[in-house]
There are 2 protein chains.
Amino acid sequence: MKRTDASAPRLRGRPRGFDREAALERAMEVFWRQGYEGTSITDLTRAMRINPPSLYAAFGDKERLYLEALERYQQGRRDELGPLLDQAPTARQAIERLLHEAARLYAQPDAPRGCMLMLSCTACAETSLQSQLAKRRADVKKALKARIERGLAASELPRGTDVDALADFYTTLLKGMALQARDGASRRSLVAAAEAAMRAWPARRR
Amino acid sequence: MKRTDASAPRLRGRPRGFDREAALERAMEVFWRQGYEGTSITDLTRAMRINPPSLYAAFGDKERLYLEALERYQQGRRDELGPLLDQAPTARQAIERLLHEAARLYAQPDAPRGCMLMLSCTACAETSLQSQLAKRRADVKKALKARIERGLAASELPRGTDVDALADFYTTLLKGMALQARDGASRRSLVAAAEAAMRAWPARRR
DNA sequence: TCCTTTTCATAGCGATCACTATAAAACAAA
DNA sequence: TTTGTTTTATAGTGATCGCTATGAAAAGGA
């Protein structure tokens, strides 16, 4: 095997025999599909094609590997969805496009169904992990809320609109869509739910 | 200890020293809080106050105990929510009351947050269990759809309303509310999401 | 009283869990 | 080459997993 990570400064000892990023990608897929508790080190080492000592040397332990895999997942989602939120001309269109894109991503054929973050540790014994994940999920709401507030400031929404409640509503729907996708819902069905949710958008005038 | 289950026909051997229903109730609580994979037999025997052989003699194995606990949970929910759906004067009010009642139940202080069914095995390695649960969750949609269809038949909804999509939407919201509750959402916040979702109800005239 | 039946608590089964001690292998520096 | 550093694969560690063998205890029937 050859060293594949050319970006790191050449160190002294024997070079790593596997691609750290590729291994992390494979670990992410397994965690995404099976969850934290449902995934064993054996599952991981088989998917990553490395032995346990290599895993522990490169990633610390199971929990840190999980968090790093989740961070990688979230970074990918932020890269896809962030510009979509920012660049939409109105808050309404931003949310609409976000939901449609989520419907597409959650039902992709070549990836685990649903959202790795939303479906993580929803009922699990790892309380410390659970609270960390709840916090990350709360960040999603914050992003929606910020975009909606921009729309309110631009007078797109009725004065006095409860932005927090609206952000909560669409976050709730995103979580529900993730679970629906995991239960086998088609992209079409997810899009229909997204479109129904857009009917709840506050009317311009009242 | 005394025999507590007086309804069963007296059998020959030594009488059971614990209340089967009470033990099942305690098992339900643990599974509800920690999920299937996050709960060990030790967790269960401690909560149920029995030893492993008693658990296996009375309930079969871990999976069957789980399914029986889940059935008990669902029966309770059906008893509370079923009449609410049936007796509401219109489909719209039926869904509205259901969502409000779900908000209350999901944020009860003396029970695990969220819904045992909706949060079960959302990402887990037990694929057979996962598909069973997906099926049970699909039954919730069926119940909503049936009620909405009644409303359509009673001309409460515009002709040509996509009842399936509407049922999917409110099921999606229910799943999302369960996840929100598990992440710490208040009853007030859940109610707000429910009310927002009711704005998506089809207009009477168009 | 004695036999049969069922449940009980103790103790422990093999398998798997997350994780690691060890030493050979593969590199850079001396 | 020699030395030092890091990664490698093998082969485990103790702990916990779901589950059960065993024999005493507690009941009814003979």
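Because only heavy atoms are used, hydrogens play no part in the values below, and waters and symmetry mates are left out as well, while side chains stay in. Order of the sequence lines fixes the chain letters, A, B, ..., with proteins taken first and strands second; residue numbering starts at 1 for each chain.
When the P atom of dA9(C) is taken as reference, atom CG of Leu55(B) falls 12 Å away, rounded to whole Å. One can place CZ of Arg16(A) at 13 Å from P of dA9(D), the figure rounded to the nearest angstrom. Distance, Arg14(A) CZ to dA9(D) C1': 9 Å, rounded to whole Å. The interatomic distance linking Tyr66(B) (OH) with dG18(D) (C1') rounds to 17 Å, in whole Å. Distance, Lys62(A) NZ to dA15(D) P: 19 Å, rounded to whole Å. When rounded to the nearest whole Å, the span between CG of Leu65(B) and C1' of dC19(D) equals 13 Å. The separation between Asp61(B) atom CG and dC17(D) atom P is 17 Å, rounded to whole Å. Protein atom CD1 of Ile50(B) is 12 Å distant from nucleotide atom P of dT7(C), rounded to whole Å.
Scanning atom types as modelled, one donor and one acceptor separated by under 3.5 angstrom connect the side chain of Arg12(B) and the base of dT4(C).
A salt bridge does not link Glu126(B) to Lys62(B): none of the charged side-chain nitrogens sits closer than 4.0 Å to a carboxylate oxygen. Using a 4.0 Å cut-off between charged nitrogen and carboxylate oxygen, Glu68(A) and Arg72(A) do not count as a salt-bridge pair. A salt bridge does not link Asp139(A) with Arg136(A): every distance from a Lys NZ or Arg NE/NH1/NH2 to an Asp or Glu carboxylate oxygen is 4.0 Å or more.
The side chain of Pro52(B) lies closest to dA11(C), out of dA26(D), dA11(C), dA18(C).
Each of Pro53(A) and Ser40(A) was matched to the nucleotide of DNA chain C holding its nearest heavy atom; the match closer to the 5' end belongs to Ser40(A). Each of Asn51(A) and Asp43(B) was assigned the nucleotide of DNA chain D with the nearest heavy atom; the assignment lying further toward the 5' end belongs to Asn51(A).
Side-chain nitrogen and oxygen atoms of Ser54(A) include none within less than 4.0 Å of the OP1 or OP2 phosphate oxygen of dT7(D). For dC19(C), the OP1/OP2 oxygens have a side-chain nitrogen or oxygen of Tyr56(A) closer than 4.0 Å. Taking only side-chain nitrogens and oxygens, Thr42(B) never comes nearer than 4.0 Å to OP1 or OP2 of dT16(D).
For the pairing with Arg77(B), the side-chain hydrogen bond (donor to acceptor under 3.5 Å, both in side chains) check across Glu80(B), Gln75(B), Gln74(B) returns one residue only, Glu80(B).
Note that SG of Cys121(B) and CD of Glu37(A) are 10.5 Å apart. Values are rounded to the nearest 0.5 Å.
Using a 4.0 Å heavy-atom criterion, one finds that Thr45(A) contacts no nucleic acid atom at all.
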